[in-house]
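One structure is given below, encoded as structure tokens.
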Protein chains: 2
Amino acid sequence: MRVFGVDCGTEFTGYGVVEVDEAARTPRLRYLCAGAVRLAKKDHTAVRLAQIYAELTALIELWRPETVAIEEVFFSANAKSALKLGQVRGVALLAAANCGVEIAEYAPLKIKNAVVGHGLAAKEQVQFMVARLLELERAPEPADAADALAIAICHIHHAQTAEAITAGTVRR
Amino acid sequence: MRVFGVDCGTEFTGYGVVEVDEAARTPRLRYLCAGAVRLAKKDHTAVRLAQIYAELTALIELWRPETVAIEEVFFSANAKSALKLGQVRGVALLAAANCGVEIAEYAPLKIKNAVVGHGLAAKEQVQFMVARLLELERAPEPADAADALAIAICHIHHAQTAEAITAGTVRR
């Protein structure tokens with residue numbers, strides 16, 4: 001299973017690709033790549049959105065994941081920043097849909113829980129655990145790239161649990 | 001000059017195309033088309049966004065406007081609906097950018113002012129005036145289509161004023 005995580009932001013949009021060999025006796029997470037699309041603030045919104053769309057589309061086509069995992073909306077901000085974030089998120093969802101890839105959404109709490117073990121973990125704890133789970137010397141930068149990897153790991157975690165449950169049901 | 005107006009919404013996204021022959025002695029607005037992309041609530045967000053993107057792209061390529069005019073963000077709603085609206089708006093801006101068309105943004109107040117004559121006009125007044133300015137028997141439906149035409153008219157109005165000012169400066 002290969003998962004493409006996306007962490008949407010109005011300045012940086014992080015991405016990270018994680019793979020797991022489900023057939024292996026002890027499935028291990030494998031880090032494939034991570035990075036972030038940085039948007040020049042001086043550009044017009046539409047130019048920035050076109051850049052995110054083009055880069056995400058190229059990356060999804062390159063890595064051919066089974067799933068694009070994306071954070072569910074988080075409402076800490078005001079309406080103005082929610083709208084700006086929504087514009088980026090809309091374009092990211094569109095890139096996944098137009099590549100014909102399955103989309104999975106996870107709430108921030110679920111993501112932290114899957115990576116750190118509890119939903120109230122600090123940003124640094126998430127980054128530390130992402131590096132540890134993927135056997136990296138340090139967490140990828142910027143933090144948005146590490147966050148995107150965390151979202152991908154969360155999906156693998158949930159997919160595996162779902163599979164184990166299905167396998168259990170079948171065996172009954 | 002041909003302008004493609006877009007009125008973004010989470011259920012209906014209206015569009016309308018208006019043309020004006022600037023070379024004519026008495027330039028008249030000409031209605032070309034109007035309608036709305038209706039989104040099925042049951043579909044996943046990404047599917048709906050892909051539908052808006054595909055339909056707007058096809059319409060922009062069909063009508064080949066010089067400009068896509070779009071409403072600036074309006075903050076009456078809460079963060080949740082702002083994010084949803086942002087997703088639609090992001091995809092609409094992307095469609096225009098990927099078609100290589102100029103984008104113009106207008107605040108709701110400016111749009112009402114251009115069509116009705118004052119910024120606090122009611123929705124029905126805007127619809128009535130759109131029909132009158134475009135010499136239609138009645139305003140197109142749904143209301144989102146009429147709103148999109150109003151945005152297009154607003155851009156023509158502002159572009160003409162800008163042109164008149166430039167012409168005046170040159171003549172001095």
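In what follows, chains are A, B, ... by sequence order, proteins preceding strands, each numbered from 1. Just so it is clear, the model here is predicted, and its values are computed rather than measured.
- Leu59(A) and Leu39(A) fall within the same hydrophobic cluster, where Ile, Leu, Val, Met, Phe, Trp and Tyr residues are linked whenever their side-chain heavy atoms come under 4.5 Å apart, directly or through other members.
- Cluster annotation: Leu136(B) and Phe4(B) are assigned to distinct hydrophobic clusters (Ile/Leu/Val/Met/Phe/Trp/Tyr, side-chain heavy-atom contacts under 4.5 Å, transitive).
- Val130(B) and Ile111(B) sit in two unconnected hydrophobic clusters of ILVMFWY residues. Membership requires side-chain heavy atoms under 4.5 Å apart, directly or through other members.
- Put simply, of Leu49(A), Leu94(A), Leu93(A), the one with the most heavy-atom pairs under 4.5 Å next to chain B is Leu94(A).
- Among all heavy-atom pairs drawn from Ala79(A) and Ala82(B), the shortest one is O-CB, 3.4 Å.
- Heavy-atom contacts from other residues, nucleotides or ligands closer than 6.0 Å to CZ of Phe128(B) number 12 or fewer.
- Atom NE2 of residue His44(A) and atom CD of residue Glu102(B) lie 9.5 Å apart, to the nearest 0.5 angstrom.
- Of the listed residues (Ala97(B), Ala50(B), Gly90(B)), the greatest number of heavy-atom pairs within a distance under 4.5 Å of chain A belongs to Gly90(B).
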